[in-house]
Amino acid sequence: MGDFFKKVHRIVAMIPPGAVMTYGQIAAIVGNPRASRAVGYALRAVPDGGELPWHRVVNSKGEISTRRTMQGDDDRFLQRVLLESEGVLFMESGRIDLRKYQVHF
DNA sequence: ACCATGACTGCAA
DNA sequence: ATTGCAGCCATGG
């Protein structure tokens with residue numbers, strides 16, 4: 001695993017419950033504002049059942065995005081449940097209000 | 001070193 | 001609101 005992944009994981013680990021960060025935001029924090037896509041790639045490598053709060057990362061529109069596989073749907077459902085269990089409220093559009101839940105380091 | 005692969009993003013129709 | 005698409009980038013083969 002590359003250094004970039006480790007940095008990303010380190011940042012994600014700091015997101016407090018009930019809050020979220022975007023892929024692009026994390027990319028900027030670790031040094032490359034344009035590596036948002038690679039951030040998603042890094043999260044894909046996160047083991048399930050770990051302590052890393054991967055569910056607290058959403059896209060720039062406040063939507064949940066996951067891998068495009070069979071598991072994708074399950075992941076999305078799980079992510080939403082986990083966020084809601086932390087108090088994050090989803091709008092009718094299926095998005096969350098970033099102005100309310102996004103944390104800025 | 002080269003190439004394909006996406007849990008991204010912003011912009012244009 | 002949707003769709004399409006061209007940039008962008010760290011990995012892995």
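All values below were derived from every heavy atom in this structure, side-chain atoms included, with hydrogens, water molecules and symmetry-related copies excluded. Within every chain, numbering begins at 1; the chains are lettered A, B, ... in the order of the sequence lines, protein sequences first and strands thereafter. Values in this document were obtained by computation on a predicted structure and should not be read as measured data.
- Cluster annotation: F4(A) and M14(A) are assigned to the same hydrophobic cluster (Ile/Leu/Val/Met/Phe/Trp/Tyr, side-chain heavy-atom contacts under 4.5 Å, transitive).
- Atom CD in Q102(A) sits roughly 16 Å away from atom P in dC8(B) (whole-Å rounding).
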Could you pull out the protein-nucleic contacts involving nucleotides 8-11 of chain C (nitrogen or oxygen on both sides, under 3.5 Å)?
from	atom 1	to	atom 2	distance (Å)
dC8(C)	N3	R37(A)	NH1	3.4
dA10(C)	OP1	N32(A)	ND2	3.3
dT11(C)	OP1	F4(A)	N	3.3
dT11(C)	OP1	F5(A)	N	3.0

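- When the P atom of dA7(B) is taken as reference, atom CG of L83(A) falls 18 Å away, rounded to whole Å.
- Here the options are R67(A), R80(A), H55(A), the test is side chain to side chain donor-acceptor pair (under 3.5 Å), and the partner is D75(A); only R67(A) passes.
- Taking atom CG of residue D75(A) and atom P of nucleotide dG6(B), one finds them 15 Å apart after rounding to whole Å.
- When side chains are defined from C-beta on, Q25(A) does not count as touching F105(A), because their heavy atoms never get closer than 4.5 Å.
- Among the protein residues, S65(A) comes within range of the nucleic acid bases, having at least one heavy atom under 4.0 Å from a base atom.
- A salt bridge does not link K6(A) with D3(A): none of the charged nitrogens is closer than 4.0 Å to a carboxylate oxygen.
- Rounded to whole Å, atom P of dA4(B) lies 17 Å from atom CZ of R44(A).
- Note that the CZ atom of R76(A) and the CD1 atom of I64(A) stand 8.5 Å from one another [nearest 0.5 Å].
- Close to dA7(B), at under 4.0 Å from its OP1 or OP2, lies no side-chain N or O of R76(A).
- A straight line from OH of Y23(A) to P of dA7(B) spans 9 Å, rounded to a whole angstrom.
- Summarising the geometry, the separation between CE on M21(A) and C1' on dT9(B) is reported as 17 Å, rounded to the nearest angstrom.
- One atom, CG of D48(A), and another, P of dA7(B), lie 14 Å apart when rounded to the nearest Å.
- Between N59(A) atom CG and dG6(B) atom P the separation is 18 Å, expressed in whole Å.
- In terms of phosphate contacts, S93(A) brings no side-chain nitrogen or oxygen within less than 4.0 Å of OP1 or OP2 of dA1(C).
- Using a 4.5 Å heavy-atom threshold, the side chains of P17(A) and R56(A) count as touching.
- Counting heavy atoms from C-beta outward, P16(A) and V103(A) have side chains that approach closer than 4.5 Å.
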